[in-house]
Structures are given as C-alpha cells and as structure tokens.
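For reference, the structure discussed in these notes is given below.
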Protein chains: 2
Amino acid sequence: MDGSETGKAAPTRNRDLVRLLETDIHLGRLGPGAWLRQIDLEAAYNATRLDIRQALDRLVEKRLVRHIARRGYQVEDFDPARVAQVMEVRAVLEVAAAALVIDRLDDTALATMQQHAEAFATALESGTVEDQEAANIAFHTAMLAPCPNRELVDLLFDLRARVPAAVIRRRNTMDLLRRGADHHFAIIRLIRTRDLPALQQVMRDHNLSPGAP
Amino acid sequence: MDGSETGKAAPTRNRDLVRLLETDIHLGRLGPGAWLRQIDLEAAYNATRLDIRQALDRLVEKRLVRHIARRGYQVEDFDPARVAQVMEVRAVLEVAAAALVIDRLDDTALATMQQHAEAFATALESGTVEDQEAANIAFHTAMLAPCPNRELVDLLFDLRARVPAAVIRRRNTMDLLRRGADHHFAIIRLIRTRDLPALQQVMRDHNLSPGAP
DNA sequence: TCCTTCTGGATTGGCGCCAATTTTGATGCC
DNA sequence: GGCATCAAAATTGGCGCCAATCCAGAAGGA
C-alpha cells in the first residue's frame with residue numbers, strides 16, 4: 001500500500017473513499033496487482049472497517065479491483081484486448097455525442113474548451129499526469145455539457161473510469177500525446193465550422209489512438 | 001413486500017440475491033415505490049442481514065433502488081425522459097454491434113435466432129411477460145454471441161437491465177409489440193442477405209420504438 | 001546451502017448485539 | 001368527527017468481537 005493522497009485526520013466517508021481509491025488507481029499511484037489491505041486503509045483514511053469494505057466492494061463491482069477470498073483486495077490487471085474493446089465502445093458513443101452537441105456549443109463554450117485544450121497542451125510539456133488528466137477531463141466535460149442525453153454523458157465518463165489513464169499512457173510516446181492535444185484544437189475548429197462528418201472522424205481517431213485521451 | 005419467486009429453505013447467496021431482486025423489479029413484480037424491507041427479505045430468502053444489505057446497495061449502485069436513511073430501500077421511479085435516453089444509447093450501440101456480427105452469423109446461428117423469434121411471437125399471443133422476456137433475451141443473446149467485442153455486449157445487456165421491461169411495456173399496445181416481433185424476423189432476413197444499412201435501420205427502429213424489446 | 005515443515009502473528013470476514021430513529025396505534029383534546 | 005400528541009413496537013444501521021484462514025520466518029532435514 002503506497003498510494004498517497006494523504007489520509008486526513010477527519011474520518012473519510014464512504015463515497016469519498018471510492019473516489020479517492022478510484023483516483024489512485026486511475027493515475028497509477030496504485031498499479032495492477034497492488035494489494036489494498038483493509039487495515040492499512042482503515043488507518044490511512046481513519047475510516048471504519050465497514051466503510052472500507054463497502055468502498056472496496058464497489059470498486060470490485062466496477063472491475064477496478066478484484067477480491068480473493070481470505071486474501072484481500074488487489075488492483076485488477078487490465079487486459080490490453082479488453083481495453084481496446086472499451087475504447088471502441090467509447091469511440092462509438094463519442095461519435096454519437098458529437099452529433100448531439102455540434103449545434104449546441106456556442107462561442108462561450110468553445111472559448112472554455114479552447115482554454116482547457118491549451119491547458120492540456122501545456123501540461124503535456126511541463127505538467128504532472130494529474131494536471132494532464134484534469135485538463136483533458138475538463139475539455140471533454142465542457143464539450144459534453146450541452147448534450148441533452150445525460151445518460152450518454154454519464155456512460156462516457158463511466159467508460160473512461162474503467163480504464164486507468166496510467167494503463168493507457170504507459171505505452172504512449174510523446175508524439176501520440178501531442179497528437180491528442182492537436183485533436184482537441186481540431187475538434188474546436190470543426191465544431192465552429194459545423195462540419196459534423198469531419199468532427200466525427202476526429203472523435204473516432206481521438207478515442208482509438210493507442211493512448212487515447 | 002410482495003415480489004415472489006419463492007424464497008427457498010437453502011440460504012441464498014449474495015450474487016443470487018441481486019439477480020432475484022433485479023428480476024423481480026425487471027418484470028414488475030416489484031413496482032416503482034415498493035419498499036424492500038430488510039427484515040422481510042432476510043426471512044424470505046433465508047439470508048443474513050449483511051447479504052441483504054450488500055445486495056440492496058448494489059441495486060442502489062445500479063439505480064434500480066433508492067436508499068433513504070433510516071427509512072429503507074425502495075424501488076426507483078423511472079423517469080420517461082431518462083428511459084428514452086437509455087434507449088437512444090442502446091440504439092447507437094446496437095447499430096454498431098450489427099456491423100460486427102452481420103458477417104459472423106452462420107446458418108446455424110440464424111436458425112437459433114429464428115427459433116427464439118418464433119418463441120417470442122408465440123409468447124406475445126399466449127405467454128406470460130416472463131416468457132416474452134426470456135425469448136426476447138434469448139434472441140438478442142444469440143445475435144450478439146459472435147460479437148468479438150464482449151465489452152459492447154456486456155454493456156448492452158447492462159443497459160437493458162437499467163430499464164425494467166415492466167416500465168417499458170406499460171404503455172405498449174399489442175400492435176407495437178407485434179411490430180417488435182416482426183423486427184426480429186426482418187433482422188434475420190437482413191443478416192442473411194448481408195444488407196448492413198437496412199439491418200442497422202431496423203436495429204435503430206427496434207430499439208427506439210416506444211416499447212422497445 | 002537449499003528445500004520442506006511447522007508455529008506464531010497478522011489479517012480477513014461474518015455474526016450478533018444494541019442504540020437511534022421511524023412507524024403504528026391509541027388516547028385525549030378541540 | 002377530525003386532528004394533534006404521545007407511547008410502544010418495529011426497523012434500520014453501525015460497531016466490535018472472534019473464529020477461520022493465510023503469511024512470514026524459524027527450525028529441521030537432505
């Protein structure tokens with residue numbers, strides 16, 4: 001157990017626990033195979049045993065963690081084939097979402113997206129993985145904000161959470177990441193020109209590139 | 001508490017509990033607003049309090065049940081707008097799945113699908129809702145069996161579970177249901193003739209019709 | 001020196017108990 | 001007769017204890 005994000009003195013609640021652990025896994029602070037010992041978590045987060053167990057069970061549900069009887073919980077392995085399949089599903093849904101938002105994003109929204117796209121590009125060169133993720137998420141959140149189908153949006157973020165960024169970024173050259181950043185700017189341009197087919201093509205590429213942001 | 005499916009003498013395990021309750025909700029034996037009292041479930045399924053609570057928490061996670069502190073658990077209401085959005089997502093994914101299976105379904109598979117399509121049509125006229133659901137699920141399972149993207153398939157069935165059949169079927173005329181049955185036969189025909197565009201159109205209609213099977 | 005066996009310590013996981021809170025039913029008041 | 005008040009019963013929900021099991025390290029044998 002070495003995932004950080006300081007356990008505070010104030011007792012941590014159930015929902016927060018899930019989020020904290022999820023983040024640790026997502027960003028690679030807890031890698032595949034790492035053991036999540038109840039006793040350590042209990043002390044680290046100053047939570048009760050029951051809360052810890054519920055949080056871990058939720059992560060099992062989400063398939064981020066596996067449970068072995070009488071042994072404990074450990075971070076799942078992420079099979080590249082399965083990861084690719086999740087990406088494919090994401091691509092399909094992003095393409096569908098593009099059609100729903102292209103006419104609903106006004107200049108204000110595009111300006112916000114532009115900021116986040118720049119923040120992402122900057123973070124790539126001189127930021128932590130956390131910064132990159134935050135900027136990337138912010139970009140896509142802004143893009144999907146006017147989507148009327150909230151189920152679709154929720155599902156997209158859920159799919160995002162199924163594959164840790166750390167796992168994707170692993171075999172990821174700087175070139176590929178920069179291409180992801182370029183995608184962001186292309187997306188903004190294509191929304192501005194209302195070019196749906198080209199936008200959908202970019203969304204697809206964006207999601208299917210090996211280290212898809 | 002009046003959802004049946006007989007609690008056996010043998011203690012029911014956690015995973016089974018989730019499945020049993022899910023089925024009861026899906027088929028409308030437990031309707032929106034129905035209270036799921038821990039004590040009753042404990043007795044009905046001869047399970048421990050802890051198992052019951054875990055099962056209920058999982059249903060909360062799946063948004064089939066809502067939890068009110070110190071009051072208990074009750075079956076969620078299903079907002080028609082949200083249902084429509086889930087359907088839209090399903091439609092998008094079914095269309096994508098169609099492309100993946102159209103060249104992978106051989107005559108044997110089509111024959112199986114034909115059987116289930118006929119079973120569904122029959123059940124419509126003279127079967128219970130359970131029979132209809134079973135036949136319908138069997139049809140779609142057979143259709144998606146050769147889909148190489150299992151994440152996509154799992155997600156499709158997960159989306160199915162998010163909206164109880166009972167809720168959909170409620171405002172559903174016999175005509176609409178018969179049209180659903182016809183869709184099944186059209187699907188088989190279009191796969192046989194390898195007509196992907198037409199197949200995708202039918203898949204979309206099949207999922208978006210008010211009482212979508 | 002390396003491998004196998006055994007024991008002590010540590011961890012998990014389930015069960016039962018009980019306090020906090022809500023609901024139900026009865027009683028009295030307006 | 002209807003409504004507010006109150007007490008008893010029922011239900012939820014959390015905490016702690018302890019048995020079952022697993023792991024690490026020591027001891028013994030090849």
Side-chain angles (χ1 to χ4, degrees), chain A residues 1-4 7-22 24-25 30-77, chain B residues 1-4 7-22 24-25 30-77:
Chain A
M1 162 80 207
D2 48 357
S4 52
K8 335 177 167 188
T12 318
R13 303 192 180 295
N14 196 301
R15 206 163 305 161
D16 299 322
L17 275 175
V18 176
R19 198 172 37 74
L20 289 174
L21 289 171
E22 210 169 1
D24 281 344
I25 295 171
L30 291 169
W35 286 99
L36 300 162
R37 297 194 311 162
Q38 296 177 19
I39 279 205
D40 291 343
L41 297 174
E42 203 171 349
Y45 295 112
N46 187 28
T48 70
R49 178 66 66 95
L50 209 72
D51 281 331
I52 297 289
R53 285 227 284 260
Q54 282 184 350
L56 289 170
D57 282 337
R58 281 191 152 175
L59 293 176
V60 169
E61 190 78 358
K62 293 178 173 224
R63 299 184 57 181
L64 292 175
V65 164
R66 116 190 80 203
H67 178 85
I68 303 174
R70 303 268 164 206
R71 291 284 307 282
Y73 298 82
Q74 69 177 330
V75 179
E76 269 281 10
D77 295 322
Chain B
M1 161 83 210
D2 48 358
S4 52
K8 325 163 172 199
T12 318
R13 304 194 177 292
N14 196 302
R15 207 162 304 162
D16 299 322
L17 274 174
V18 176
R19 200 172 35 75
L20 289 173
L21 289 171
E22 211 168 0
D24 281 343
I25 295 172
L30 290 170
W35 288 98
L36 300 161
R37 295 194 313 164
Q38 297 177 19
I39 279 206
D40 290 342
L41 298 174
E42 203 172 348
Y45 295 112
N46 187 28
T48 70
R49 176 70 63 98
L50 210 72
D51 281 331
I52 297 288
R53 285 227 284 259
Q54 282 183 350
L56 288 171
D57 282 337
R58 279 170 100 149
L59 293 177
V60 169
E61 191 79 357
K62 293 179 175 224
R63 300 184 55 181
L64 292 175
V65 164
R66 116 191 78 198
H67 180 154
I68 302 173
R70 304 264 165 210
R71 293 282 308 280
Y73 298 81
Q74 71 177 328
V75 178
E76 270 280 11
D77 296 321

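So that the names make sense, note that chain A is the first sequence line, chain B the second, and so on, each numbered from 1. Computed from a prediction, not measured in an experiment: that's the story for all the values here.
No side-chain heavy atom of A:Val18 sits under 4.5 Å from any side-chain heavy atom of A:Leu56. Two residues are said to be in side-chain contact when any heavy atoms from C-beta on lie closer than 4.5 Å; B:Lys62 and B:Glu22 meet this criterion.
Between B:Arg63 and B:Glu76 there is no salt bridge, since no side-chain nitrogen of the basic residue lies less than 4.0 Å from a carboxylate oxygen of the acidic one. A salt bridge links B:Asp77 with B:Arg66: the closest approach of a Lys/Arg side-chain nitrogen to an acidic carboxylate oxygen falls below 4.0 angstrom.
Going from atom CD of B:Glu42 over to atom P of D:dT11 covers 11 Å, rounded to whole Å. Rounded to a whole Å, the CD atom of B:Gln74 is 17 Å from the P atom of D:dT11. Between the CD1 atom of B:Ile39 and the P atom of D:dA10 there is a distance of 9 Å, rounded to whole Å. In this structure, CD1 of A:Ile68 is placed 12 Å from C1' of D:dC22, rounded to the nearest angstrom.
Among all heavy-atom pairs drawn from A:Leu17 and A:Ala47, the shortest one is CD1-CB, 4.0 Å. Across all non-hydrogen atoms, the minimal contact from B:Ile39 to B:Arg49 is CG1-NH2, 3.7 Å.
At the heavy-atom level, B:Arg71 lies under 4.0 Å from the strands shown only through sugar-phosphate atoms.
In 5' to 3' order, the nucleotides of DNA chain C bounding all contacts with chain B (an atom under 4.0 Å from a heavy atom) are C:dC15 to C:dT23.
Residues from residues 50-58 of chain B lying near DNA chain C, meaning a heavy-atom separation below 4.0 Å, are absent.
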Worksheet item: Going through the distances and angles, do A:Asp16 and A:Arg13 end up as a side chain to side chain contact (heavy atoms under 4.5 Å, CB included)?
Response: CA-CA 5 Å; A:Asp16 299 322; A:Arg13 303 192 180 295; 3.7 Å; yes
Practice prompt. Test side chain to side chain contact (heavy atoms under 4.5 Å, CB included) on A:Gln54 and B:Gln54 and set out the steps.
Written response: CA-CA 8 Å; A:Gln54 282 184 350; B:Gln54 282 183 350; over 6 Å; no
